[in-house]
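To start, the structure itself, in structure tokens.
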Amino acid sequence: MFIGHIGLALAAKRATPRASLGTLFLAAQWADVLWPIFLALGIEHVRILPNGRPFLQLEFISYPYSHSLLALVIWGILFGVVYRAVAGGRHTLWILAALVVSHWVLDWVTHVPDLPLYPGSAKYGLGLWNSVPGTMGVEGAIYVVGLIIYLRETRARDRIGRWAFFALAATLVVIYLASTFGSPPPSVRALWMTALSGAALLILWAWWADRHRDATM
Ligand SMILES: [Zn+2]
């Protein structure tokens, strides 16, 4: 899942208007930020299936530290605690922690059974990925609702606030379609490099556009 996570991050602006959209992106995608790092370090493992159908081009052999439920609960609390120490705000801790953990829940709906509850546990996943229209319908709906909520909660202060945000929203859709229907990455190395640089770019972009928008309330 990709833009579904982003949709939840956008919607979270309603619950925590002071947090930057960049922070919310980072929290919702935390598992997918750690994952390429752990792949690069050889701690987690993936196999590329060159002839895989859309959404099924990667076999997640093992990713207990970025994608088990237990790991994400711990990461979520750490994320919230660090945020509170840096930026303050009491209940933001729990919203950010919930966003980090929400990644597991959304992935659980879409992935085939490859998500552990804790390192070494049995693996779970409802397999919505087996249906391309089903996956795109669910993810697309979460994304659109998230966009609507974010656009109601914030107002562009200037042209950057308007156009940088709309360009970001459109780019996310393009990336989603390209990664779904494009050919799989040529190597695991190319995969983690693209995943990590893409996540960094999108998080910075979200932070930048959000800085040029004000809360409406
Ligand atoms: Zn993930």
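Just follow the structure's listing: the first ligand is 1, and inside any ligand the first atom is 1. One is the number of the first residue; the rest follow in order along the sequence. Basis for what follows: all heavy atoms, side chains included, without hydrogens, waters or symmetry-related copies.
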Item checked: Closest heavy-atom pair and its distance - Ile203, Phe25 -> CG1-CB, 4.0 Å
Item checked: Closest approach to the Zn ion (ligand 1) by His67, given as the N, O or S atom name -> NE2
Notebook entry, point to check: How is the N/O/S atom of Asp32 that comes nearest to the Zn ion (ligand 1) named?
Noted result: OD1
Next item on the list: Would you mind checking if Arg157 and Asp214 are paired as a salt bridge, meaning a charged N to carboxylate O distance below 4.0 Å?
Entry: yes
Checklist line | For the Zn ion (ligand 1), the closest N/O/S atom belonging to Asp107 | finding: OD2
Item checked: Backbone of Ala215 reached by a side-chain donor or acceptor of Thr154 within 3.5 Å -> no
Next item on the list: State plainly whether the residues Glu153 and Arg14 are in salt-bridge range, i.e. N to O under 4.0 Å.
Entry: yes
